[in-house]
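For reference, the structure is listed below as structure tokens.
The first residue of the sequence shown is numbered 1, and numbering continues consecutively from there. Quick note: numbers below take in every heavy atom, side chains included, and nothing from hydrogens, waters or symmetry partners.
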Amino acid sequence: VYVNGKVYVIAQSSNLLQVIQGNTVTMNYTLPSYSGAVPFRIAYLDGDFYIIYQKGPLVQWNGNVVKTFNIPEVGKFPAIISAGNYVVVTASYGNKIYLVSPSGNLTSITVMNGPQALAYDNQTNTLYVGAYDTNLVYGISMSTLKVIYNFTLNATTVDAMAFIPPDELAVATYAQQVEILNATTGKVLQVFSIPTFG
């Protein structure tokens with residue numbers, strides 16, 4: 001994540017949160033250890049970092065652990081994002097996303113099976129959720145916490161997503177392609193094939 005001129009990244013194999021400024025790692029913070037869990041991805045909201053662990057907890061952290069959340073069925077490839085007044089985490093082994101408010105309240109929304117991709121449109125306050133188990137993408141109003149869009153992709157599974165202002169969604173799929181969708185109608189605008197490397 002990018003915060004106040006610095007980039008913060010998770011060094012998974014070292015169990016570190018690293019701070020990058022310019023082209024240099026300027027600080028290393030050792031993250032808490034949890035049996036069988038690896039720090040995986042990070043988000044930032046209202047002065048705190050939120051670190052989701054593979055097959056482990058969600059940790060609210062500000063240099064020290066503020067709070068630890070148990071996210072059921074978090075899985076091996078959870079996604080995390082700041083969206084509106086929440087941090088959102090996917091339970092990729094289940095069918096829910098979990099939302100944490102700055103006050104520490106935890107709530108969930110039922111979505112499709114295997115959610116593991118998130119994108120956010122801050123202009124319309126819409127969160128997009130994609131899954132590796134289906135070819136569905138949901139759009140959720142972060143004001144009402146209700147599903148307002150339900151799209152079907154040409155491909156079978158979703159790997160990652162990004163919102164492209166003002167109104168497009170880029171969806172990377174396991175079929176080695178990227179689909180560009182209209183973010184409100186779900187209409188496929190373009191499809192790009194991605195070459196296989198290695």
Side-chain angles (χ1 to χ4, degrees), residues 1 10 12 15 31-45 48-61 65-121 125-163 169-175 179 181 183 186:
V1 294
I10 300 291
Q12 294 173 347
N15 207 58
L31 295 172
S33 294
Y34 299 92
S35 178
V38 176
F40 188 59
R41 291 187 174 147
I42 186 171
Y44 180 82
L45 181 66
D48 289 340
F49 294 94
Y50 292 78
I51 301 155
I52 186 66
Y53 284 64
Q54 288 182 318
K55 299 182 180 179
L58 171 64
V59 176
Q60 183 179 357
W61 189 84
V65 174
V66 176
K67 193 167 185 178
T68 302
F69 301 90
N70 180 29
I71 307 293
E73 300 179 310
V74 73
K76 191 173 180 182
F77 300 108
I80 187 169
I81 197 170
S82 297
N85 294 320
Y86 297 93
V87 167
V88 182
V89 177
T90 61
S92 60
Y93 282 6
N95 66 344
K96 294 186 184 296
I97 58 170
Y98 288 84
L99 297 87
V100 180
S101 69
S103 60
N105 293 325
L106 182 67
T107 189
S108 67
I109 299 172
T110 300
V111 292
M112 72 291 277
N113 286 329
Q116 82 168 25
L118 298 170
Y120 178 60
D121 174 4
N125 201 26
T126 302
L127 174 75
Y128 294 90
V129 183
Y132 69 87
D133 262 357
T134 71
N135 61 345
L136 298 175
V137 174
Y138 288 175
I140 297 171
S141 166
M142 294 304 290
S143 302
T144 64
L145 302 185
K146 303 286 185 193
V147 175
I148 56 174
Y149 303 124
N150 184 339
F151 308 143
T152 302
L153 298 175
N154 291 335
T156 54
T157 58
V158 177
D159 187 23
M161 294 191 305
F163 181 76
L169 193 63
V171 181
T173 73
Y174 281 106
E179 294 186 21
L181 311 176

L136 side chain near L153 side chain, heavy-atom distance below 4.5 Å: no
Modelled atom types, side-chain donor and acceptor of Y132 and Q116, under 3.5 Å: no
Within-4.5 Å side-chain heavy-atom neighbours: L99 and I109: yes
Which atom of V88 lies closest to which atom of A83, heavy atoms considered: CG2-CB, 4.1 Å
Chi angles and distances behind the side chain to side chain contact (heavy atoms under 4.5 Å, CB included) call for T173, D159: CA-CA 5 Å; T173 73; D159 187 23; over 6 Å; no
Sidechain-backbone polar pair: K55 side chain, V74 backbone, donor-acceptor under 3.5 Å: no
Side chain to side chain donor-acceptor pair (under 3.5 Å): pairs with one or both residues in residues 135-150, sequence neighbours excluded: N125-S143, S141-T144
I80 side, atom CD1; I10 side, atom CD1 - distance, nearest 0.5 Å: 9.0 Å
Minimal non-hydrogen separation, T68 against P57, with atom names: CG2-CB, 3.6 Å
W61 vs V66 side-chain heavy atoms within contact, under 4.5 Å: no
Residue pair V137 / V129, side-chain heavy-atom distance below 4.5 Å: no
Steps toward side chain to side chain contact (heavy atoms under 4.5 Å, CB included) verdict (Y128, F163): CA-CA 8 Å; Y128 294 90; F163 181 76; 4.2 Å; yes
Sidechain-backbone polar pair: R41 side chain, P78 backbone, donor-acceptor under 3.5 Å: yes
Sub-4.5 Å side-chain heavy-atom contact between I97 and V89: no
Interatomic distance, L169 atom CG to M161 atom CE [nearest 0.5 angstrom]: 5.5 Å
Heavy-atom pair with the smallest gap, counting every atom of L45 and Y86: CD2-C, 3.7 Å
is_close_aromatic(Y53, F40), centroid dist under 6.0 Å: no
Point-to-point distance, once rounded to the nearest 0.5 Å, from CG of L181 to CZ of F151: 7.0 Å
Derivation and outcome, side chain to side chain contact (heavy atoms under 4.5 Å, CB included), residues L58 and V100: CA-CA 10 Å; L58 171 64; V100 180; 3.6 Å; yes
Smallest separation among heavy atoms of A160 and A117, with atom names: CA-CB, 3.8 Å
Heavy-atom pair with the smallest gap, counting every atom of P32 and V65: CG-CG2, 3.7 Å
L127 side chain near L118 side chain, heavy-atom distance below 4.5 Å: yes
Derivation of the side chain to side chain contact (heavy atoms under 4.5 Å, CB included) call for Y98 and T107: CA-CA 6 Å; Y98 288 84; T107 189; over 6 Å; no
Check: D48 side chain, Q60 main-chain N or O, donor-acceptor pair, under 3.5 Å: no
Pairwise distance CG(N15) to CG(L31) - rounded to 0.5 angstrom: 5.5 Å
Distance in Å, I51 CD1 paired with I42 CD1, rounded so as to fall on 0.5 Å steps: 5.0 Å
Backbone N/O of V87 and side chain of S82: donor-acceptor pair under 3.5 Å: no
Exercise: do T90 and S92 side chains pair donor with acceptor under 3.5 Å: no
